[in-house]
Amino acid sequence: MAKKLTLVTGGAGLIGSQIIEDLNHNGNTDILVVDHLGTTDKWKNLQRNFFTEYYEKDQFERFLDAGHPLLSEISEIYHLGACSATTEKDATYLIQNNFHYTKKLAEYAIAKNIPFLYASSAATYGEGEFGYDDKAPIETLKPLNMYGYSKHLFDLYAKKTKIADKLIGLKYFNVFGYGEAHKGDMRSLVLKGYEQIRDTGKLKLFKSYKPEYKDGEQKRDFLYVKDASKISIYLLSERKYGLYNVGRGMAETWNDLASALFNAMEAPINIEYVEMPESLKGKYQYYTCADMEKLTKVGYPFGFTNLQDSIKEYVRLLSLEAK
């Protein structure tokens, strides 16, 4: 039997569900979805997509351990499943879920010659003291939280064991878009801000505690989920192996994001700057900007959606959902 199934782990998540939607648009519904739904509303992301089968992560891991016949049908893997909470304190859980599980799946893919894409993270860059260059050595990077470190561990493992050039690793930057409502505190400021403005008419941003940054002038590389999906599908379908940044290569401020959000909601700008929680102060990135030269050099042809247009579309989708 010819292999035909596309495996998407984390397929009910923000990026995973968008990838499945785009694969559907490309005519592919032969998709095996794996996730951990728990008590969240993540299941709603499954409703908009078409796929062959769904399994919970624990059950699929048992299939992997047992060499289940279903595995022989897998033709490519998008491994996006992970605990993505940057505030998660259970380091043991993060190591098991984000590092060991990824190792197991990657080793299986390589043994069976299955193209494998996995989610790393811009959180691996830490404070950015060594820049945000996906061509630079990764050994010196110092993530600021355990989530970032759990992702960094696999990047290091792949390099050390010389399997990195047989995989596609993606360091996603600040991805936002439709399908993130289940993420609780990890939702983007676009969604949190939409709800704040809708309910109170104002938006809260953290004050700055570094003199070189004014309040709200901390910068991020914001990326629309539809662009994150396009990049992911392009790299896997074209077999462009390696470790890549996935951002826009443009740092914009929280104030820029707030302005775009107020404009999209046709509301007057009303920002309140609030104290940052003590627990975040030492782990807060003041600046991220992806070096995108590597993606450009491998021929990625689609460009990026600007912040204003992506927020406008996202707000429209949220408004339609609310009706």
_Does anything in residues 6-17 form a salt bridge (charged side-chain N to carboxylate O under 4.0 Å, His left out)? List the pairs, not counting sequence neighbours._
none
*asked:* Same cluster or not: Leu223 versus Tyr147, using hydrophobic residues (I, L, V, M, F, W, Y) connected whenever any side-chain heavy atoms lie under 4.5 Å apart?
replied: no
*Quick one: list whatever passes side chain to side chain donor-acceptor pair (under 3.5 Å) with Tyr54, sequence neighbours left out.*
Glu56
*Nearest heavy atoms of Thr140 and Phe130, plus distance in Å*: O-CE1, 3.1 Å
*Contact list for residues 172-188, test salt bridge (charged side-chain N to carboxylate O under 4.0 Å, His left out), sequence neighbours left out*: Arg187-Glu195
*asked:* Main chain of Phe99, side chain of Tyr157: is a donor-acceptor contact present, judged purely on distance under 3.5 Å?
replied: no
*Going by an N to O cut-off under 4.0 Å, is there a salt bridge joining Glu139 and Lys159?*
yes
*Sequence neighbours left out, what passes side chain to side chain donor-acceptor pair (under 3.5 Å) with Glu321? Give chain and number order.*
Tyr178
_I need the single residue from Trp254, Tyr287, Tyr286, Phe206 that forms a ring-ring contact (aromatic ring centres under 6.0 Å, His included) with Tyr213. Which is it?_
Tyr286
*Quick one: does Lys142's side chain get under 4.5 Å of Glu129's, heavy atoms only?*
yes
*Within a reach of under 6.0 Å around NZ of Lys202, are more than 12 heavy atoms found that belong to other residues, nucleotides or ligands?*
no
What pairs of donor and acceptor atoms, side-chain ones from residues 163-177 against any protein atom, are under 3.5 angstrom apart with sequence neighbours left out?
unit_1: Lys171; atom_1: NZ; unit_2: Thr124; atom_2: OG1; d: 2.9
unit_1: Tyr172; atom_1: OH; unit_2: Ser232; atom_2: OG; d: 2.7

*Should we say atom CD of Glu266 is surrounded by more than 12 heavy atoms from elsewhere, each under 6.0 Å from it?*
no
*asked:* Between Lys4 and Glu73, does any NZ, NE, NH1 or NH2 come within less than 4.0 Å of an OD or OE carboxylate oxygen?
replied: no
*Restricting to pairs with a member in residues 86-96, which pass side-chain hydrogen bond (donor to acceptor under 3.5 Å, both in side chains), not counting sequence neighbours?*
none
_Close side-chain approach of Phe222 to Leu189, heavy-atom, < 4.5 Å_ = no
*Answer whether the closest heavy-atom distance between the side chains of Leu257 and Val190 falls below 4.5 Å.*
yes
*May I ask you to decide if Asn306's main-chain N or O and Arg248's side chain share a donor-acceptor pair within less than 3.5 Å?*
no
_Arg220 charged N/C atom sitting above Tyr132 aromatic ring, 6.0 Å / 45°_ = no
*Look at the side chain of Thr200 and the backbone N and O of Ile197, then say whether any donor-acceptor pair between them is shorter than 3.5 Å.*
no
*For Phe63, enumerate each residue passing the ring-ring contact (aromatic ring centres under 6.0 Å, His included) test, keeping only those at least two apart in sequence or located in another chain.*
Tyr55, His68
*According to the salt bridge (charged side-chain N to carboxylate O under 4.0 Å, His left out) rule, which pairs have a member within residues 108-117, sequence neighbours left out?*
none
*Under the side-chain contact (heavy atoms from CB on, under 4.5 Å) criterion, do Glu275 and Lys207 qualify, and how do the steps go?*
CA-CA 6 Å; Glu275 299 291 332; Lys207 291 178 180 176; 3.0 Å; yes
*According to a 4.5 Å side-chain heavy-atom criterion applied to Ile, Leu, Val, Met, Phe, Trp and Tyr, with indirect links allowed, do Leu235 and Ile15 form part of one hydrophobic cluster?*
yes
_N/O donor-acceptor pair under 3.5 Å between Asp134 side chain and Asn245 backbone_ = yes
*Candidate pair Leu37 and Leu46, rule side-chain contact (heavy atoms from CB on, under 4.5 Å), full reasoning*: CA-CA 10 Å; Leu37 296 179; Leu46 296 174; 4.2 Å; yes
*Can any side-chain N or O of Ser229 pair as donor or acceptor with the backbone N or O of Val225 at less than 3.5 Å?*
no
*Counting only heavy atoms not in Lys204, do more than 12 fall under 6.0 Å of its NZ?*
no
*Within the side chain of Asp221, is there an N or O that forms a donor-acceptor pair under 3.5 Å with the backbone of Ala290?*
yes
*Candidate pair Ile20 and Ser17, rule side-chain contact (heavy atoms from CB on, under 4.5 Å), full reasoning*: CA-CA 5 Å; Ile20 295 171; Ser17 61; 5.6 Å; no
_Does atom NZ (Lys240) have a neighbourhood of more than 12 heavy atoms from anything else shown, all under 6.0 Å?_
yes
*Sequence neighbours left out, what passes side chain to side chain contact (heavy atoms under 4.5 Å, CB included) with Thr253? Give chain and number order.*
Glu217, Lys219, Asn255, Asp256
*What heavy-atom pair brings Lys230 and Tyr300 nearest, and what distance separates the two atoms?*
CB-OH, 3.4 Å
*Report the residues that fulfil side chain to side chain contact (heavy atoms under 4.5 Å, CB included) with Lys226, sequence neighbours left out, ordered by chain and then residue number.*
Gln18, Tyr224, Glu313
*State which residues pass side chain to side chain donor-acceptor pair (under 3.5 Å) with Lys297; sequence neighbours excluded, sorted by chain then number.*
Glu293
_Test of understanding: with side chain to side chain contact (heavy atoms under 4.5 Å, CB included), list the residues that count as partners of Phe50, not counting sequence neighbours._
Asn24, Thr29
*Evaluate the side-chain contact (heavy atoms from CB on, under 4.5 Å) criterion for residues Ile311 and Tyr194: first the C-alpha distance (whole Å), next the side-chain angles of each, then the deciding distance (0.1 Å), finally the verdict.*
CA-CA 10 Å; Ile311 288 179; Tyr194 170 82; over 6 Å; no
